[in-house]
K.L.:
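Have a look at the structure that comes next, please.
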Amino acid sequence: MNTHHCRTIASSGIVFGALLLCANSVIAQTSTAPGDQPAAPATEATLPADAGATGEPPAPVEVVVDAVPASAWPPSPVPFFRGNAKPNSSKTPFPQAGGYFSLFRLIFYIGLLSFWVWSSAWVNEDSTSLKVRSDFWNSMMFGVGAAGLLLAVTSPSFFLAFALIGASTGTPLGFYVKERNSKVPDKAKVLTPEHIRRVGIRLLARIGINIGGDGEVGSGNGPDIEFVGRTETGRIDTSRTKQVENSRGFMAAKEVVYDALIRRATDIHLEPREDTMNIRMRIDGVMYPVEPFDRALGDAVLNIFKVLGAMDITEKRRSLDGSFRAITEGREIDFRVATQGIRGGEKMSLRILDQSANTGTLPQLGFRKALEEKLLGIVHQPHGLLVVCGPTGAGKSTTLYAALKSIDAYQHNIITIEDPVEYQMENITQIEVNTKSGQTFGNSLRSILRQDPDVIMVGEIRDDETAQIACQAANTGHNVFSTVHANDSITALFRLLDLGIEPFLFASSISGILAQRLARRLCPKCKEAYKPKAEFLKQANLPVDRIEKFYRPPRKPKEECTACGGLGYRGRVGVFEFLEINDRLRDMIREKAPLSQLKSEARKNGMLYMQEEGLRLVVKGVTSIEELMRVVK
């Protein structure tokens, strides 16, 4: 029963009781003792004849009213009772005592109020950790819920009040769950049939009913991630996983890895400070700080990763390398671990390699049509050397994997040499370099030439031995793909020559050099248009009269974008520069022509600089001019 009913019944009872008390009081004051005769009625007061003559105050005169017997009053239609219980004189004599509240309905109200408080606290914690418009959803949960409670207590109907409280709490909660589920993996979604099933299994397990097996029951202990350790040679070692399961910081290690996967991070950095262990994640090529650990917990998390990667936890000064694997939601994610002793302690970086990620094909990487056709022509040629250059994290391996996917792996013998194997590909022989056992790029490349390969992919040309063997393989009927660290295509050409390759050998083997960078894509939901300055368009050699607008992240957003989390960018796109080697360029390479002449000839051959390719993306609204200037010099 709501407060309005309670107050109405209480007021009615008070008024009715007051009337009865007044009546009883009047009867008590006017009734006489038993056996007495009623006095003669007096209709008015009389004064003595000499009253006032002597100047003395008149004596009081008693006024007598006829006594009315109790039987003369009409009977009360409803006997007096307390509370809101229906009177029943056949069971209990009057007065009957009852409660002013319906306990059954009050329990429902208290339950709904508790659910509102709990759900509001959960939305605050969950939206803050996921960065899903925390302020907005906190305001919605509190404002709509409070309004529903106010309407409920003033409602004349219990069922209407119940519906108001349920709708005011459930409606904003449902919309929040829909938004947060769109930003997390399937396993982290809530209120789905699978989530409800898991919650039910865990609740039944608490009372001793285990219907899901140990795996289902244990999945409630933190994020659903299973760590798999490795040996020094890279083999799976489950014993290392058991060593860390009961260690301090194990749950924190699972949470930081799971958080990185949700945020689409490619790297995790643990950086020691005096009292804390700072954590940063690289998302779309940019570092973002997250919640730090206290120093003791951070050191424990770092040691857990070292144990999983078969690294010496007592060695904190020398640089160490290792790897381990994590399995979640059917995905296998490899982690490359590297440590370095610094002034404040030991720093660790973890490179995330998602084995289940789709590498895509060349048309999906964002090449313009003419560039894509040139590149495919080189990929499908019978022999030659294709080199992809760029800094670390520029997507070089992804481009080479896309090139391999465009080749029929069933009709060609494709062998790769990688450090490490980043993505597993079907029907392709993949060899992982292991310098500790003496298996280097040069040794592996020399040995696979005896395996009758059609296509060879070398993860990176690092030394003169690898460069020489790669050029010789390209000249002897093999199609060779590789990468090199260089800023642009012309610089990469001279970088390979500096490794000691003979110009005549290099000129006859090289087919093309692709330089690339990765620029962040503008969020399609929140990007805003603006008019660029005419001076800038002239400097960029763009037609002033044809460019109406550029796009950029919102400067003063009214609310945080749910698609990008308020970053303004989501995902990345390639910015390319392709140097196709023709006969004229081969002659110039043999003749050791200077850099300026090679650039001039490449421009005549149709090569566009990365800045020009990037401006094409800016004009199309794919990225912003600020982002292009950040990644391209």
Side-chain angles (χ1 to χ4, degrees), residues 266-267 282-287 336 349 351-353 357 359-362 364-368 371-372 374-376 378-379 385-405 416-420 422-423 441 457-463 466-467 470 480-499 501 506 510-521 569 571-581 595 598-599 602 607-618 622-623 627-633:
T266 56
D267 298 88
R282 188 178 296 277
I283 305 172
D284 292 335
V286 179
M287 298 282 280
R336 293 167 56 185
S349 64
R351 183 76 180 272
I352 302 174
L353 303 172
T359 56
T361 60
L362 287 176
Q364 296 174 341
L365 297 184
F367 293 100
R368 56 185 172 89
L371 179 55
E372 179 185 332
K374 289 182 180 180
L375 193 58
L376 283 173
I378 293 178
V379 169
L385 174 62
L386 173 64
V387 176
V388 180
C389 67
T392 302
K396 302 184 296 296
S397 298
T398 301
T399 300
L400 291 183
Y401 279 120
L404 293 178
K405 289 186 69 174
T416 69
I417 308 171
E418 308 171 58
D419 183 23
E422 297 187 7
Y423 301 102
F441 278 110
M457 190 192 89
V458 182
E460 183 182 352
I461 296 178
R462 299 176 178 175
D463 50 45
T466 307
V480 182
F481 303 152
S482 189
T483 69
V484 68
H485 285 278
N487 292 325
D488 55 58
S489 56
I490 301 295
T491 305
L493 190 149
F494 282 90
R495 164 74 176 144
L496 291 170
L497 290 173
D498 290 341
L499 288 176
I501 307 175
F506 181 64
I510 188 70
S511 299
I513 301 176
L514 178 69
Q516 69 178 60
R517 298 287 191 280
L518 290 178
R520 290 180 295 174
R521 288 181 180 267
Y569 299 93
R572 291 189 285 180
V573 63
V575 183
F576 305 100
E577 176 184 291
F578 184 58
L579 173 62
E580 185 180 16
I581 307 298
L595 177 66
L598 289 173
K599 279 189 176 181
M607 186 187 78
L608 297 178
Y609 293 137
M610 270 191 288
Q611 297 92 328
E612 296 169 327
E613 292 281 359
L615 284 173
R616 178 182 63 89
L617 299 175
V618 172
V622 177
T623 188
E627 177 66 9
L628 178 63
M629 296 173 65
R630 184 184 71 86
V631 298
V632 178
K633 183 176 179 180

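Index from 1, following the sequence. Given the structure is predicted, the values throughout are model-derived calculations rather than measurements.
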K.L.:
How would you list, by chain and number, every residue that makes a side chain to side chain contact (heavy atoms under 4.5 Å, CB included) with Met287, sequence neighbours excluded?
P.N.:
His269, Arg280, Arg282
K.L.:
Please list, chain by chain and in numerical order, all residues satisfying side chain to side chain donor-acceptor pair (under 3.5 Å) with Thr623, sequence neighbours excluded.
P.N.:
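Residues passing side chain to side chain donor-acceptor pair (under 3.5 Å) with Thr623: none at all.
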K.L.:
Kindly write out the residues that satisfy salt bridge (Lys or Arg N to Asp or Glu O under 4.0 Å) with Arg517, not counting sequence neighbours, or none if the list is empty.
P.N.:
none
K.L.:
Return the set of residues passing salt bridge (Lys or Arg N to Asp or Glu O under 4.0 Å) with Glu577 (not counting sequence neighbours), or none when no residue passes.
P.N.:
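For Glu577 there are no salt bridge (Lys or Arg N to Asp or Glu O under 4.0 Å) partners, ignoring immediate neighbours.
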K.L.:
Identify, with sequence neighbours excluded, every residue that meets side chain to side chain contact (heavy atoms under 4.5 Å, CB included) alongside Leu595.
P.N.:
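Scan of Leu595 (side chain to side chain contact (heavy atoms under 4.5 Å, CB included), adjacent residues dropped) gives Ile490, Phe494, Lys599.
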K.L.:
Which value, rounded to the nearest 0.5 Å, describes the distance between Thr483 atom OG1 and Met457 atom CE?
P.N.:
8.0 Å
K.L.:
Can you name the residues that form a side chain to side chain donor-acceptor pair (under 3.5 Å) with Glu612, not counting sequence neighbours?
P.N.:
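So Glu612 forms a side chain to side chain donor-acceptor pair (under 3.5 Å) with Arg603.
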K.L.:
With sequence neighbours left out, what residues match Arg572 under side chain to side chain contact (heavy atoms under 4.5 Å, CB included)?
P.N.:
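Testing Arg572 for side chain to side chain contact (heavy atoms under 4.5 Å, CB included), a comparison that skips the adjacent residues, returns Thr266, Asp284, Leu518, Arg520.
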K.L.:
Quick one: list whatever passes salt bridge (Lys or Arg N to Asp or Glu O under 4.0 Å) with Asp488, sequence neighbours left out.
P.N.:
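Asp488 satisfies salt bridge (Lys or Arg N to Asp or Glu O under 4.0 Å) with no residue once adjacent residues are dropped.
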K.L.:
My understanding is that only residues two or more places apart in sequence, or in another chain, count here; which of them pass side chain to side chain contact (heavy atoms under 4.5 Å, CB included) with Leu371?
P.N.:
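If we apply the side chain to side chain contact (heavy atoms under 4.5 Å, CB included) test to Leu371, skipping adjacent residues, the hits are Phe367, Arg368, Phe576, Phe578, Glu613.
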K.L.:
Applying side chain to side chain donor-acceptor pair (under 3.5 Å), can you list everything that pairs with Tyr569, at least two apart in sequence or on another chain?
P.N.:
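Applying side chain to side chain donor-acceptor pair (under 3.5 Å) to Tyr569 gives Ser624.
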K.L.:
What pairs with Arg351 under salt bridge (Lys or Arg N to Asp or Glu O under 4.0 Å), at least two apart in sequence or on another chain?
P.N.:
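Listed in chain order: Asp267.
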K.L.:
By side chain to side chain donor-acceptor pair (under 3.5 Å), which residues pair with Thr466, not counting sequence neighbours?
P.N.:
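For Thr466, the residues satisfying side chain to side chain donor-acceptor pair (under 3.5 Å) (neighbours in sequence not counted) are Asp463.
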